[in-house]
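Working notes, structure below.
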Amino acid sequence: MKSKQNSRILLYIIGVLTSILFISPFYILIVNAFKTKRELFGSTLTLPKEWILDNFKVALNKLSFLWIGKSFSLEGFFGSALFNSMFITITSTILIIIFSSMAAWILVRTKSKVSNFVFYLFIAAMLVPFQAVMLPLVAFMGRLGLQNRLGIVFMYLGFGSSFSIFLYHGFIKSIPISLEEAARIDGCGPWKVFWKIIFPTLKPIHVTVSILNIIWIWNDFLLPQLMINKKGTQTIPLKMYLFFGGYSKQWHLAMAGLLLAVIPVIIFYFFAQKHIIEGVTAGSEK
Amino acid sequence: MMDMNYNKKTFCLFAGPVIVAFLMVVVIPLLIGVYYSFTEWNGRMDQVPNFIGFSNYIAIMKDEGFRNAFLFTAKFTVVSVIAINTIGFSLALLVTKKLKISNFMRTIFFMPNLIGGLILGFIWQFIFMGVFQTIGEITGWTFFQGWLADANTGFWGLVIIMVWQMSGYLMIIYIAALQNIPKSLLEAADIDGANGWTKTRHIIFPMVAPAFTISMFLTLANSFKLFDQNLSLTNGGPGGATEMLALNIYKTAYTFTNYGAAQAKAVVFFLLVASITMVQVYVNKKKEVEM
């Protein structure tokens, strides 16, 4: 019994040490964001002598984090990095949920060569790395005048559809068809059958699909960098990239900016943690 | 059973929107891209570029930067796949031991996954350059000095941030697999007098084999395609020594405005990613059955 207890103590020690190792970058980010340039230069590990907020004032401004222009206004908010990130992420995710679930359902319920081909085409596309289509995509979307916020939402629908359809497809296959048959006997058309019966029953997989897409789109850097590199339309990662280039020697400002960029994600994690973990688990069970 | 096949109109109504987006964003650019890789393309679409056959491909085979990027990427992928899977699996074993801090640990270990690769790279740039410097000064260990200044520390820097980011994700996948092992199976083994290693070898490993296939696929594909972290942590420097394939393609196009060659590299990149991951899944699936 003694050795069993000892091994539990050992596990606790390993657990605490590993947790400290994993959490330390966050600690470093937080403490250094509140230091003056002079203090940060002297010590990067200690708590700040005085927690100053000036770095955040500069970072908020330079990142156009909450507003664009001189001071806060509602109009300025619509050009801010936070708004752009939220708008693009939320709109894209909603479109992906609506159109991917519709497509997945009809692909499961239609047994034809075309439907099979389309499904496998979507699956095969998961093997295509973004770099393979990046350059022609920029040229093509430029010609179509889609290098803007709405254009990028359309592109996320195209890129997000493969994996989302795959997830919906697997789930829909397990829904008994008798439900739909009953509705059809009652005279429901396919439109009504889908929205009244199928869409609500897909709720758990909607959550998974949205979580995975939100994380991916929110953090995506390259597509916005190529498509919406115009003032007032930039997302948080994009603004961060530009900001960092200009302030890479001024670590106290860079740290404040990085902390600002991390805060929304931590808030999201705090509220949706259970769903995020479930979503990741479900998403990986191919 | 009733005939559930819907007509063409219904099919188009439901699958149409997503097919249009998918064709325009993935399929058409891919096909055009393959064609452009055989031309003197200038990165635009207003005129048809000159067809030059395999010239771009021959040129990139002679491109030392591309070859180095490939070798660096391959080395990075092997090391990080092994490291992330080992650590991810160990973390899963640790947090399923029912300690009082298990839930807390899960939360902590997964957190880095939510932060984008670009921002992650910047945070770690500060740690390697600023914090490591401080630690080096305090302890006097030269090990901590000059990180990211050469290919070697740049390599390990990239491995470390990849491990920090992804092992929590794999932990979640392995936890699910470990929890799926029926308790009765382990109890039966206990009664038969099996020791820890025998149980691990004959019950735990075979039961988590499917999770291993997925984890390997994810880590392999993500490591090989790494871009954001590479850009923000080292930007390929010093002197291109830590440049990976995706960054090399990006720079060929946007720094050196050599679009034809960049697209040829992109096609080679696609073939590499697709074939490596397909072989991996095939081999792993075969192993799953044998176990």
Side-chain angles (χ1 to χ4, degrees), chain A residues 11-12 14-15 19 22-23 25 28-29 43-45 99-100 102-103 105-107 109-111 118 122 125 127-129 131-137 139-140 143 154-155 157-159 161 177 181 184 190 215 219 221-222 237 240-241 244 251 255 258 261-262 265 269 273 277 280-281 284 286, chain B residues 2 4-6 10-11 14-15 17-19 21-22 24-26 28-30 32-33 36 43-45 94 97 99 101 105 107-111 114-119 122-124 126-127 130-131 134 169 172-173 176 214 225 227-228 246 249 253 259 262-263 266-267 269-270 273-274 277:
Chain A
L11 282 175
Y12 269 105
I14 295 172
S19 302
F22 266 80
I23 218 170
I28 286 161
L29 179 63
S43 65
T44 49
L45 287 166
F99 291 121
S100 297
M102 281 167 68
W105 176 69
I106 205 79
L107 287 172
R109 294 296 181 234
T110 312
K111 307 231 165 2
V118 171
F122 276 113
L127 293 172
V128 181
Q131 273 75 17
V133 297
M134 165 179 87
L135 303 173
L137 183 72
F140 189 36
R143 277 224 86 160
F154 176 74
M155 286 176 246
L157 174 63
F159 285 118
S161 57
I177 202 162
E181 282 170 344
R184 285 190 73 184
I215 296 174
N219 287 322
F221 163 70
L222 194 48
M240 203 59 231
Y241 181 68
F244 204 85
W251 278 110
M255 286 288 118
L258 287 165
V262 168
V265 179
Y269 189 42
Q273 195 189 349
I277 303 284
V280 168
T281 315
S284 66
K286 293 178 197 170
Chain B
M2 202 170 138
M4 270 293 168
N5 273 333
Y6 292 103
T10 313
F11 185 84
F14 279 85
V18 101
I19 291 176
F22 177 71
M24 283 177 64
V25 172
V26 182
I28 295 172
L30 186 66
I32 301 176
Y36 279 163
R44 300 166 59 97
M45 259 185 181
L94 182 67
K97 284 281 188 282
L99 305 176
I101 51 169
M105 287 195 289
T107 307
I108 298 297
F109 295 154
F110 186 78
M111 211 147 72
L114 292 152
I115 302 168
L118 188 91
I119 286 164
F122 285 141
I123 295 174
W124 277 89
F126 177 70
I127 294 174
V131 178
T134 312
Y169 197 97
I172 300 293
I173 297 172
I214 293 148
K225 291 191 287 191
F227 176 79
D228 292 9
I249 294 168
Y259 290 93
Q263 190 51 42
V267 172
F269 187 57
F270 164 50
V273 172
T277 46

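Quick caveat: nothing in here was measured; it's all calculated off a predicted structure. Chain letters run A, B, ... following the sequence lines, proteins first and then strands; every chain starts at 1.
Minimum interatomic distance between Pro136(A) and Gly33(B) (heavy atoms only, all atoms of both residues): CG-CA, 3.6 Å. Among all heavy-atom pairs drawn from Met45(B) and Arg143(A), the shortest one is O-NH1, 3.1 Å. Here the shortest heavy-atom pairing between Tyr36(B) and Arg44(B) reads OH-O, 4.1 Å. Scanning both residues, Gly117(B) and Asp228(B), for their nearest heavy atoms gives C-CB, 3.8 Å. For the residue pair Ile127(B) and Pro25(A), the shortest heavy atom distance occurs at CD1-CB, 3.7 Å.
Most heavy-atom pairs under 4.5 Å with chain A, from the set Ile101(B), Thr277(B), Thr107(B): that is Thr107(B). Considering only heavy-atom pairs separated by less than 4.5 Å from chain A, the leading option among Val26(B), Leu99(B), Ile173(B), Ile172(B) is Leu99(B). Per-residue heavy-atom pair counts under 4.5 Å with chain A were compared for Gly116(B), Pro29(B), Ala15(B), and the maximum is reached by Pro29(B). Counting heavy-atom pairs closer than 4.5 Å to chain A, the top residue among Phe126(B), Phe270(B), Phe269(B), Tyr259(B) is Phe126(B). Among the candidates Val118(A), Leu107(A), Ile28(A), the residue making the largest number of heavy-atom pairs closer than 4.5 Å to chain B is Ile28(A). With chain A as the partner, the residue from Val273(B), Leu118(B), Thr134(B), Leu94(B) showing the most heavy-atom pairs under 4.5 Å is Leu118(B). Between chain B and the residues Leu157(A), Leu135(A), Leu45(A), Val133(A), the most heavy-atom pairs under 4.5 angstrom are made by Leu135(A). In terms of non-hydrogen atom pairs under 4.5 Å with chain B, the most contact-rich of Ser43(A), Gly15(A), Ala261(A) is Gly15(A). Taking chain A as the reference chain and counting heavy-atom pairs below 4.5 Å, the highest number among Leu114(B), Ile32(B), Ile249(B), Ile108(B) is found for Leu114(B). Top candidate by heavy-atom pairs under 4.5 Å with chain B, chosen from Ser161(A), Pro237(A), Ser100(A), Pro129(A), is Pro129(A).
From Ile123(B), atom CD1 reaches atom CG of Leu29(A) across 4.5 Å, with rounding to the nearest 0.5 Å.
For chain B, the nearby parts of Leu11(A) are the backbone and the side chain; heavy atoms of each come within less than 4.5 Å. In this structure, no portion of Val267(B) lies under 4.5 Å from any heavy atom of chain A. Of the two parts of Ile28(B), only the side chain, counted from C-beta on, holds a non-hydrogen atom closer than 4.5 Å to a non-hydrogen atom of chain A. Proximity to chain B involves both the backbone and the side chain of Ile277(A), based on heavy atoms less than 4.5 angstrom apart. Within the 4.5 angstrom heavy-atom criterion, atoms from both the backbone and the side chain of Gln131(A) approach chain B. For Val128(A), the parts lying under 4.5 angstrom from a heavy atom of chain B are both the backbone and the side chain.
Qualifying side-chain hydrogen bond (donor to acceptor under 3.5 Å, both in side chains) partners for Thr10(B), counting only residues two or more places apart in sequence or in other chains: Asn7(B).
Counting heavy atoms from C-beta on, the side chains of Val265(A) and Ile119(B) never come closer than 4.5 Å.
Aromatic ring centroids of Phe122(A) and Phe22(B) lie under 6.0 Å apart.
Using bins of under 30°, 30° to 60° and over 60° for the plane-to-plane angle, the ring pair Phe221(A)/Phe227(B) lands in the parallel bin.
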